[in-house]
Amino acid sequence: MVSVDDFTTSATKDRYQHCGKISLRKKAAPITLTDIGSLVAESIAAIPAKFKHVTLGETVVMPNHIHLIISIPFSAGMATSKPSPLQQTIAPYKGLKPLTPGSVSSVINHFKGHVKKWCNANGYDYFKWQPRFHDHIIRSSASYNRISNYIANNVFNWALDENNQDGKRFRRDIRT
């Protein structure tokens, strides 16, 4: 069966650094995860157990975002998913389709919901994700290798990251 590799990025609301701190002075473990960051890392690792058809490539938890490569078997039904007659009656199609079971969107939706639910139950109710996520279908082995390398080295490039509020390239417009 053919699988689709997807490079996915999801950020915390307003890019606040809820997941940890990076110290480039530490070579072995340059990021120190918070309780939320530890749960995020554990939840990412648990994705293949929850979604048996999903495999993970390179992943990283950053202070205010995550990157992961998700591989999902491609099926023709994924590309042509339509709302059921009941869904059309209850909520007629108005531009947003319901989540396709087993899709990248449903995996990320479940993952983010699980983390938020845990945060609410454990005194971190201030934690929020950005409402959406960014994804990019990986179309070649060269692209897969480039993206894997980017994810693996993301912690070490934190000083140049536009999400790093202490960095020289921080996008000030993110928190508008």
Side-chain angles (χ1 to χ4, degrees), residues 1-51 53-74 78 100 102-116 127-176:
M1 178 173 279
V2 176
S3 67
V4 176
D5 296 321
D6 195 272
F7 171 44
T8 304
T9 301
S10 194
T12 60
K13 178 88 169 116
D14 296 325
R15 308 301 199 275
Y16 285 110
Q17 298 181 15
H18 294 297
C19 296
K21 296 285 181 202
I22 291 178
S23 171
L24 295 178
R25 294 183 188 120
K26 295 180 186 177
K27 293 192 189 232
I31 186 163
T32 303
L33 296 175
T34 62
D35 290 343
I36 295 171
S38 293
L39 176 76
V40 167
E42 291 167 14
S43 298
I44 290 170
I47 288 173
K50 174 72 178 166
F51 297 91
H53 64 289
V54 172
T55 56
L56 295 176
E58 195 70 45
T59 68
V60 69
V61 177
M62 297 295 288
N64 57 12
H65 65 282
I66 61 166
H67 294 299
L68 52 144
I69 294 176
I70 299 175
S71 295
I72 296 180
F74 179 79
M78 290 173 70
T100 301
S103 67
V104 171
S105 295
S106 68
V107 171
I108 298 300
N109 186 51
H110 173 79
F111 160 76
K112 287 168 64 171
H114 171 76
V115 171
K116 178 60 178 155
F127 174 82
K128 291 184 172 101
W129 291 105
Q130 287 290 103
R132 295 178 176 86
F133 65 94
H134 172 78
D135 73 316
H136 167 79
I137 295 173
I138 302 171
R139 301 188 186 278
S140 70
S141 59
S143 182
Y144 188 97
N145 291 336
R146 182 181 51 77
I147 291 168
S148 290
N149 188 48
Y150 170 80
I151 293 171
N153 290 300
N154 202 229
V155 171
F156 300 103
N157 295 319
W158 181 240
L160 302 174
D161 197 305
E162 70 179 16
N163 293 308
N164 179 1
Q165 65 189 17
D166 300 321
K168 295 176 182 165
R169 295 178 60 197
F170 178 64
R171 283 187 42 211
R172 304 265 177 238
D173 64 326
I174 295 175
R175 294 195 179 147
T176 57

Donor-acceptor contact below 3.5 Å, side chain Thr12 vs main chain Asn64:
yes

Partner residues of His114 under the ring pair (Phe, Tyr, Trp, His ring centres under 6.0 Å) criterion, sequence neighbours left out
none

Which value, rounded to the nearest 0.5 Å, describes the distance between Ser10 atom OG and His134 atom NE2?
11.5 Å

Taking all heavy atoms of Pro63 and all of Gly20, pick out the closest pair and write down the distance.
CB-O, 3.2 Å

Pairwise distance CD1(Ile138) to CZ(Arg146) - rounded to 0.5 angstrom:
8.5 Å

Output side-chain donor-acceptor pairs under 3.5 Å for residues 34-50, partner residues at least two apart or in another chain, one line each.
from	atom 1	to	atom 2	distance (Å)
Thr34	OG1	His18	O	2.6
Thr34	OG1	Cys19	O	3.3
Thr34	OG1	Ile36	N	3.3
Thr34	OG1	Gly37	N	3.1
Asp35	OD2	Tyr124	OH	2.7
Ser38	OG	Thr34	O	3.1
Ser43	OG	Leu39	O	2.8

My understanding is that only residues two or more places apart in sequence, or in another chain, count here; which of them pass side-chain contact (heavy atoms from CB on, under 4.5 Å) with Ser140?
Ala142, Ser143

Atom pair OG1/CG of Thr59 and Asn154 - distance to nearest 0.5 Å
11.5 Å

Residues in side chain to side chain donor-acceptor pair (under 3.5 Å) with Ser148, at least two apart?
none

Evaluate the side-chain contact (heavy atoms from CB on, under 4.5 Å) criterion for residues Ile31 and Val60: first the C-alpha distance (whole Å), next the side-chain angles of each, then the deciding distance (0.1 Å), finally the verdict.
CA-CA 10 Å; Ile31 186 163; Val60 69; over 6 Å; no

Calculate, to the nearest 0.5 Å, the distance between atoms CZ and OG1 belonging to Arg132 and Thr9 respectively.
15.5 Å

Give, for atom NZ of Lys128 and atom CG of Asp14, the distance between the pair rounded to the nearest 0.5 Å.
9.0 Å

Under a 3.5 Å distance rule, please check whether Lys112 uses its side chain to pair with a backbone N or O of Gln130 as donor and acceptor.
yes

side-chain contact (heavy atoms from CB on, under 4.5 Å) between Glu58 and Ile147, intermediate numbers included
CA-CA 9 Å; Glu58 195 70 45; Ile147 291 168; over 6 Å; no

For Ser71, check side chain to side chain donor-acceptor pair (under 3.5 Å) against everything at least two apart and list the hits.
Asp5

Distance from Phe7 atom CZ to Ile70 atom CD1, nearest 0.5 Å?
11.0 Å

Chi angles and distances behind the side-chain contact (heavy atoms from CB on, under 4.5 Å) call for Val104, Phe133
CA-CA 10 Å; Val104 171; Phe133 65 94; 4.0 Å; yes

Can you name the side chain to side chain donor-acceptor pair (under 3.5 Å) partners of Asn149, sequence neighbours left out?
Asn153

Would you please name every residue forming a ring pair (Phe, Tyr, Trp, His ring centres under 6.0 Å) with His110, sequence neighbours left out?
Phe51

Would you please classify the geometry between the Trp129 ring and the Phe111 ring as parallel, tilted or perpendicular, with 30° and 60° separating the classes?
tilted

Please confirm whether the backbone N or O of Phe127 pairs with a side-chain atom of Lys13, one donor and one acceptor, at under 3.5 Å?
no

